[in-house]
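Computed from heavy atoms alone, side chains included, the values below leave out hydrogens, waters and symmetry copies.
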Amino acid sequence: MKVWLLLGLLLVHEALEDVAGQHPPKNKRAKEQGENRIKPTNKKAKPKIPKVKDRDSADSTPKSQSIMMQAMDSGRFQKPAATMSLMAGQTVELRCKGSKVEWSYPAYLDTFKDSRLSVKQNERYGQLTLLNATSADTGEFSCWGQLCNGYICRRDESRTGSTYILFTEEGELFVPSPSYFDVVYLNPDRQAVVPCRVTVVSAKVTLHREFPAKEIPTNGTDIIYDLKRGFVYLQPHSDHQGVVYCKAEAGGQSQISVKYQLLYVEVPSGPPSTTILASSNKVNGGDDISVLCTVLGEPDVEVEFRWIFPGQKDERPVTIQDTWRLIHRGLGHTTRISQSVITIEDFETIDAGYYICTAQNLRGQTTVATTVEFS
């Protein structure tokens, strides 16, 4: 009886072991502690190199994306070439993608407020249309998107577009000039341009001096020709001054441009060089007085004047007159003299004090002052 009882207990114990923990199959060995569960392999794999996006590269400057399209007669749109030649009389339509687009075009069209030009902003693009184009419209047409934060906007350099269009017109090899004679100032510290631009890409253009009559060579180091600008003097000096003109030849035709007077400038660029002088610094009651503010500067740089004077708060009546003229100072040097004079009649005690003149140009401003006393 005891033997059968022991045998039953043994069978129950083995059944419980099979349920509680599965034994490994006989054809597989048990893994040792810490053994890698992935089978080793002898295959060689190429290392994967992560792709680096443009914006993550060392040069983080965003690539410029052209947003300009040209409308064609067939109703299609295509990206315009950097330089295009079109016949005069055509209508040009350019579009630039964006909800806020700004445009730039030849100054000639702005100067005369030409009704042939229209610029519109649509919901998704800006549109520029030029009707019945002429050779005078030759120039750069460009656009750019605007990045705005509230009322403050700035140019988006990554979204721009431009094309230079030459409008070819019979009998017009040069882009017409509004005058028959023009002045080009030669500054020693910046380039000077004789604006002989042509309307035919293949035109051969040469530069000539009127007296003594001779062709001026463009050697590529001192003077170069730029289709979009004209003849560029890279380092102007006094030997370049004189009267010059350009000659263009194309398709068996030739044409002479307007004449240009090259004047050398002796005044360096910068804020206005300003002086102030009173007709008298001690004035008797009832006398008239004037204070003169003078600037010597570059011939083509305009100057604006502002005055602060003792009787200003009391709205004292004064006369202010601004004038300018060109003066020649020998050896062909030319300077622009700009002046502003303030005049007070019947001098009173409230007129005594500081007279302050501020002269401003594109490069800065200069303030000078003098005192006028009641004697």
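- Residue-environment remark: CD (E304) stays at or below the threshold of 12 foreign heavy atoms within 6.0 Å.
- In this structure, the side chain of T199 does not engage the main chain of V175 through any donor-acceptor pair within 3.5 Å.
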Open item on the list: Go through it in stages, so that I can follow the logic: the residues are E102 and R155, the test is salt bridge (charged side-chain N to carboxylate O under 4.0 Å, His left out), and I'd like the CA-CA distance, side-chain angles, deciding distance and then a yes or no.
Closed with: CA-CA 9 Å; E102 292 292 323; R155 179 171 176 154; over 6 Å; no
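- With a 6.0 Å radius and a threshold of 12 heavy atoms from other residues, nucleotides or ligands, F77 has its CZ atom above the threshold.
- Using a 4.5 Å cut-off on side-chain heavy atoms (C-beta onward), H237 and P188 make no contact.
- Take Y225 and apply the ring pair (Phe, Tyr, Trp, His ring centres under 6.0 Å) test, not counting sequence neighbours, and it matches F231.
- Counting only heavy atoms from C-beta outward, the side chains of L109 and D137 approach each other to under 4.5 Å.
- Residues S162 and S142 come closest through the heavy atom pair CB-CB, 3.6 Å.
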Task: Residues T323, R325; criterion side-chain contact (heavy atoms from CB on, under 4.5 Å); working and verdict - done: CA-CA 7 Å; T323 59; R325 69 182 188 277; 5.9 Å; no
TODO: Under the side-chain hydrogen bond (donor to acceptor under 3.5 Å, both in side chains) rule, what do Q146 and R154 come out as? Steps first, then yes or no, please.
DONE: CA-CA 6 Å; Q146 292 279 84; R154 62 181 176 86; over 6 Å; no
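- For the side-chain contact (heavy atoms from CB on, under 4.5 Å) with S279, the lone residue among D287, I289, T343, D288 that qualifies is I289.
- Q339 places no side-chain N or O within 3.5 Å of a backbone atom of T294 that could act as its donor or acceptor partner.
- Here the side chain of R116 pairs a donor or acceptor atom with the backbone of N132 at under 3.5 angstrom.
- Taking a 6.0 Å sphere around CG of N149, one finds it holds 12 or fewer heavy atoms contributed by other residues, nucleotides or ligands.
- For the 3.5 Å distance criterion, the side chains of S340 and W307 qualify, holding a donor opposite an acceptor.
- Shown here is K228, whose NZ atom has more than 12 heavy atoms of other residues, nucleotides or ligands within 6.0 Å.
- Residues Q127 and E93 have side chains that bring a donor and an acceptor to within less than 3.5 angstrom of each other.
- A heavy-atom distance below 4.5 Å is found between the side chains of M72 and Q78.
- Expressed to the nearest 0.5 Å, how far CE of M84 lies from CZ of F141 amounts to 8.5 Å.
- Counting heavy atoms from C-beta outward, L166 and V201 have side chains that approach closer than 4.5 Å.
- Between Y185 and L262 there is no side-chain heavy-atom pair separated by less than 4.5 Å.
- Hydrophobic clustering keeps I224 apart from Y245 (ILVMFWY residues linked when any side-chain heavy atoms are closer than 4.5 Å, directly or through intermediates).
- For the atom pair OG of S290 and CD1 of I342, the computed distance is 10.0 Å after rounding to the nearest 0.5 Å.
- The hydrophobic clustering, which links ILVMFWY residues whose side-chain heavy atoms are closer than 4.5 Å, places V200 and V258 apart.
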Open item on the list: Test side-chain hydrogen bond (donor to acceptor under 3.5 Å, both in side chains) on H240 and S238; report intermediate values, then the result.
Closed with: CA-CA 5 Å; H240 289 141; S238 58; over 6 Å; no
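- A distance-only check finds a donor-acceptor pair linking the side chain of R159 to the backbone of K97 [under 3.5 Å].
- Residues F181 and Q261 form a side-chain contact, since some pair of their non-hydrogen atoms from C-beta on lies under 4.5 Å apart.
- Interatomic distance, D182 CG to S257 OG, rounded to the nearest 0.5 Å: 10.5 Å.
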Task: Verdict with supporting geometry, V183 and L263, side-chain contact (heavy atoms from CB on, under 4.5 Å) - done: CA-CA 7 Å; V183 177; L263 295 177; 3.8 Å; yes
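- The distance from atom NZ of K214 to atom CG of L207, rounded to the nearest 0.5 Å, is 11.0 Å.
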Side-chain donor/acceptor pairs under 3.5 Å, residues 246-254, sequence neighbours excluded:
none

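- Within a 6.0 Å sphere centred on CG of D73, other residues, nucleotides and ligands contribute 12 heavy atoms or fewer.
- The cationic group of R336 lies under 6.0 Å from the six-membered ring centre of W324 and within 45° of the ring axis, placing it in a cation-pi geometry.
- Inspection of the S135 and E172 side chains reveals no N or O donor paired with an N or O acceptor under 3.5 Å.
- Hydrophobic clustering (ILVMFWY, side-chain heavy atoms < 4.5 Å, transitive): I256 and V184 are in distinct clusters.
- A side-chain donor-acceptor contact under 3.5 Å links N361 to the backbone of R363.
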TODO: Report the C-alpha separation of Y260 and V243 in whole Å, then their side-chain angles, then the decisive distance to 0.1 Å, and conclude whether the side-chain contact (heavy atoms from CB on, under 4.5 Å) test is met.
DONE: CA-CA 6 Å; Y260 299 90; V243 178; over 6 Å; no
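- Within a 6.0 Å sphere centred on CD of Q365, heavy atoms belonging to other residues, nucleotides or ligands number more than 12.
- A donor-acceptor pair under 3.5 Å is formed between the side chain of Q121 and the backbone N or O of S99.
- Annotation for I356 and A369: closest pair CG1-CB, 3.9 Å, computed over non-hydrogen atoms.
- For E302, the CD atom sits in a loose shell: 12 or fewer heavy atoms of surrounding residues, nucleotides or ligands are nearer than 6.0 Å.
- Considering only heavy atoms from C-beta on, V372 comes within 4.5 Å of F347 through its side chain.
- By the 6.0 Å contact criterion, CD on Q235 is open, its count of non-hydrogen atoms from other residues, nucleotides or ligands being 12 or less.
- Checked by atom type, the side-chain pair Y164/R197 shows a donor-acceptor distance below 3.5 Å.
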Task: side-chain contact (heavy atoms from CB on, under 4.5 Å) between N281 and E373, worked out - done: CA-CA 6 Å; N281 292 105; E373 299 177 0; over 6 Å; no
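- Between the NZ atom of K79 and the CD1 atom of I67 there is a distance of 9.0 Å, given to the nearest 0.5 Å.
- V244 and R209 get closest at one heavy-atom pair: CG1-CA, 4.2 Å.
- Hydrophobic clustering places V205 together with I216 (ILVMFWY residues linked when any side-chain heavy atoms are closer than 4.5 Å, directly or through intermediates).
- Cluster membership for L128 and L86, using ILVMFWY side-chain heavy atoms within less than 4.5 angstrom, is shared.
- A donor-acceptor contact shorter than 3.5 Å is absent between the side chain of D314 and the backbone of R316.
- Between the side chains of T358 and T367, at least one donor N or O sits under 3.5 Å from an acceptor N or O.
- Judged by distance alone, the side chain of T366 and the main-chain N or O of P272 form a donor-acceptor pair under 3.5 Å.
- The side-chain heavy atoms of S375 and V283, taken from C-beta on, include no pair separated by under 4.5 Å.
- Residues L227 and V198 come closest through the heavy atom pair CD1-CG2, 3.7 Å.
- One finds the SG atom of C96 at 12.0 Å from the CG atom of N122 (value rounded to the nearest 0.5 Å).
- Of all non-hydrogen atoms in V101 and G126, the two that sit nearest each other are CG2-N, 4.0 Å.
- Heavy atoms only, all atoms of each residue included: Y355 and D351 are closest at OH-O, 2.7 Å.
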